[in-house]
Amino acid sequence: MLLENLAYPEVEDYLKEKDIILIPIGSVEQHSPYGLMGTDFIAAESIARSVGDSMGILVAPTLAYGVSPHHMAFKGTITLNPSTLIEVISDIVRSLITHEFKRIIFINGHGGNINTLKTTFQRLKAEKLPGYIDVISWYDSSAVRQICQDIFGDGEGRHATPGEVSITKYLRPSEFAAKASDEATLNKPKYYWPLSSVEMKTVFPDGRMESAPWLATEEFGGRIAAVAVAGLEKKLTEIMNLELVNASAG
Ligand code: NI
């Protein structure tokens, strides 16, 4: 169920039944020579839309851009400042709350967004905004970590992972014809975080972070996405059953 395909009377009808909406968010950043620039938002969008379909939950248009300054030494990366994202997220949430959505859940595909999202939610709640606002990263569950560990072992790594690259291969197989596919060295350097863009390229020269994306396949991508969808369905069921504080009375 996509918000972009509804007319406003249909949104009114939806709100008589449900008060939850999902917003996929990702990044536009390099994912090594093996992966797509859009990996993070493509994966988050697909997983959010699958859950939206299976649970009859409305999904808002994807916020493709995220906070990726550490990838800016690689061509094609487009980053938002955290302060920009705070304003964008605040405006989106305030709009949805105005329409009486009460459970606003960002389905995230990029670790670099999380601090900013949580800071934004704190700021909105400090303004006494009602409702439940949260971020769930599709990859951040024990079941997803387990299947990636089982398939890729030590090669899953932290960025341009074979898990996320597999999901995009599953979704857009024809886009991989010209991407790198050869096995390379799996490096596990010591480093601190955050890194500047120049530090990042020095420590991780081809943009991978401790990962082996050459292990990615379409078939693995389908399996990992299914595990992520099942985990999200469970979490969202809990969120839909959560009793919200009614602070309007008195
Ligand atoms: Ni990614």
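Numbers here are sequence positions counted from 1. A quick note: this is a predicted structure, and the numbers were derived from the prediction, not measured. Below, all heavy atoms of this structure are taken into account, side chains as well, without hydrogens, waters or symmetry copies. Start at 1 and go down the list; that is how both ligands and their atoms are numbered.
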pair I239-I136: side-chain heavy atoms closer than 4.5 Å: yes

Of the N, O or S atoms in D40, the one nearest the Ni ion (ligand 1): OD1

Metal site the Ni ion (ligand 1): N/O/S of E29 inside 2.8 Å: no

Distance-only side-chain donor-acceptor flag, Y191 / E199, under 3.5 Å: no

CG on L117 to CD1 on I89, rounded to 0.5 Å: 5.0 Å

Name, closest N/O/S atom of E164 to the Ni ion (ligand 1): OE1

Ring geometry between F152 and F220 (parallel below 30°, tilted from 30 to 60°, perpendicular above 60°): perpendicular

N, O or S from H31 under 2.8 Å to the Ni ion (ligand 1): yes

